[in-house]
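The structure appears right after this line, and notes come after that.
Please read all numbers here as calculations on a predicted model, not as lab measurements. Per chain, numbering begins at 1; letters A, B, ... match sequence-line order.
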Number of protein chains: 2
Amino acid sequence: MATIKDVAKLAGVAISTASYALNGSSKISGETKKKVEEAAKTLNYKKNGLASDLKRTKTNTIALILTDLSGPFYSELIKGVQDVTTANGYDLIACSSIGGSKSTAAKFLTEKRVDGAIILAHNISDEIALEAAKHNFPIVVLDRHLESESIYQVEVDNVHGGYLATEYLIKRGHKEIAYVSGPSNSHDNILRFQGYMEALEDNHIPYQPKWKIVSDFTRSGGYRATKLLIAQNDLPEAIFYANDEMAIGGMQAFKEKGIQVPDDISMIGFDDIQLAEYVHPPLTTIQQPKYEAGSLAVHLIFQVLGGEKINHHYKLTTDLIERKSVRVIQPSSSTQG
Amino acid sequence: MATIKDVAKLAGVAISTASYALNGSSKISGETKKKVEEAAKTLNYKKNGLASDLKRTKTNTIALILTDLSGPFYSELIKGVQDVTTANGYDLIACSSIGGSKSTAAKFLTEKRVDGAIILAHNISDEIALEAAKHNFPIVVLDRHLESESIYQVEVDNVHGGYLATEYLIKRGHKEIAYVSGPSNSHDNILRFQGYMEALEDNHIPYQPKWKIVSDFTRSGGYRATKLLIAQNDLPEAIFYANDEMAIGGMQAFKEKGIQVPDDISMIGFDDIQLAEYVHPPLTTIQQPKYEAGSLAVHLIFQVLGGEKINHHYKLTTDLIERKSVRVIQPSSSTQG
DNA sequence: GTGAAAGCGCTAACAA
DNA sequence: TTGTTAGCGCTTTCAC
């Protein structure tokens, strides 16, 4: 483990000179520079990044906090984050928030190991985020509402998305529309449900509590919720799943029971994950501008780091992607099932 | 930014005492400990992880180097890595090797920012890995052969997998079998091709160069390679794609031309990615023990970190997953082995 | 253009 | 049990 000291000694210069030479300062003569570089090479010197960062009180890296490194997550979003991070000459690391306050995420958030962070991890508490956000440590949250001087939020218009999905179902003649919900403490979920309620109301369709099934955003959760709906022996005409993963789990449940989508029941998801277009039938869903969300998030961080004063809230729009999982119900003799 | 100095001062104790108290040393009296903790709380003190790591010359985190954070990659593998890393009380960060020697990956590999690393990133050079691997900085590579004191490799039996795939096709009556290759410098690809050749030879089927198409492991690469095959106007009976992504691209190409899989042509992939069972028809492919590979990789790192002497090579077996993309060709005149 | 020296914030001998 | 102190390896004034 050669240090800069060793390099300086071998090159016969002072430590500071070695440092300047290695970092490409213009005040070092070509000859000295060469000497130092050679010494570094023969000693196989590699700088200690921690020491360097500590001294400079700057890490040049930003963290992306994810629920779980092994996914599923939005690769488009990560791409957006990655692209603008590297474009700005910064490094990006991803870490998981599994383990809550003892997680890697918490460690990187609080211990000054990065210059800023983006949170997309419902399993990390508001408290941790709030505590970590301090002056000059910007955090942007993609999955919650949080008010703090150094916290910025970019969100997708979930209410509108929920409205869009529900309205689409209604316009195609569905009246009995179930909502398979995400975790009830999920911010996204609450907003999507709100959109569902608003669309129902605007179309004078009464909300029926029996058609709200609480699940957990996972594929197996969607599967179980759907089984439950089937077991009730009173299927709705359509189901709005609060995310695609659950919808795909639901498809599986229907397939097992020989219930055809969309002929026997319509379904719609939310997210437009990659799989959505490959399942059978291809899933109609709500698309979020994921790449934009990701790139905007980092962009905001760099603005704050650069000393700009910026807004704390950003909202992006959603679109409906029409595929094959919803049928049209003829309005003639409207009594089904 | 309160430091431990401020905490010590407020608590009226020495810096070392504060440090001990905060780190839960048993030699500190309960009373002192409480005083220190209170001071820390009122100052909103958070330790500087860099300083701590620098002093201890240990980071307690290991890095997972991936080609691209935004995938596609093997989530099962990451799960394996993640599970055993956290089980050992270590932190895990993922970083991308986009950018080669200027990438985040290179930075974390060389600048002593982590205690060990796992490389699954064909776009990072052997040189970087070799340079980074030094005594007490273990690296395990999952995607190449590399000999060095501190480099360990776990690989999947690609030759056997390639053999299995090809043999399966042959046993179902196919003789004209194309190989859509990954990049020719890919280690995995070379081995899979070797398995293909061996199976051909063992079954007395001559290898025909016209049926090796070089592509690049991407979906669009597979699409293009397949288009090329179609344009040749002389389709084989079956195609062995060196990975699933390319096979899925190939399916798309066939679909556009109205060529039915498997009725008009059989295909088989390699990897068993998540999508494989969802495409139409579901893709028969070779499954790798990804979770095991990931968990074994970290396990090895911890053994080395713990001072154990271990083997440098590990090989895991592959299995064939039978789905619907291969038809059986009736043995008109020839008999099966 | 180069060198001496002062820390960045922390841990851990060692001394008291 | 607590305090003093010497660094971890680096960057960066400031003097020459």
Is the shortest side-chain N/O distance from A:Ser29 to OP1 or OP2 of C:dT2 below 4.0 Å? yes
OP1 or OP2 of C:dC8 sitting under 4.0 Å from any side-chain N/O of B:Asn48? no
Apply ring pair (Phe, Tyr, Trp, His ring centres under 6.0 Å) to residues B:Tyr90 and B:Phe302 and explain how you reach the verdict. CA-CA 10 Å; B:Tyr90 266 61; B:Phe302 288 128; 4.8 Å; yes
Cation over ring face, B:Lys79 and B:Tyr291, 6.0 Å, 45°: no
Phosphate OP1/OP2 of C:dA12: any B:Ser16 side-chain N/O under 4.0 Å: no
Which nucleotide in the set C:dG9, C:dT11, C:dA12 lies at the smallest distance from any side-chain heavy atom of B:Lys47? C:dT11
When we call it a touch if two heavy atoms are under 4.0 Å apart, what does A:Ile15 touch: a base, just sugar-phosphate, or nothing? base
Quick one: is C:dT11 close enough that its OP1 or OP2 comes under 4.0 Å of any side-chain N or O from B:Ser19? yes
Start and end of chain B contact along DNA chain D [non-hydrogen atoms, under 4.0 Å]: D:dT1 to D:dG9
For C:dA4 and A:Tyr20 - does any side-chain N or O of the residue sit under 4.0 Å from the phosphate oxygens OP1/OP2? no
Please convert DNA chain D into dot-bracket. A pair counts if it is Watson-Crick or G-U wobble with both distances under 3.5 Å; crossing pairs go in [ ] and bases paired with another strand get |. ||||||||||||||||
For A:Lys112, report the nucleic acid contact type (base, sugar-phosphate, nothing); a contact means any heavy atom under 4.0 Å. nothing
A:Ser29 and A:Thr32: side-chain donor and acceptor closer than 3.5 Å? yes
Rounded to whole Å, the CG-P distance (B:Asp6 to C:dC8) equals 11 Å
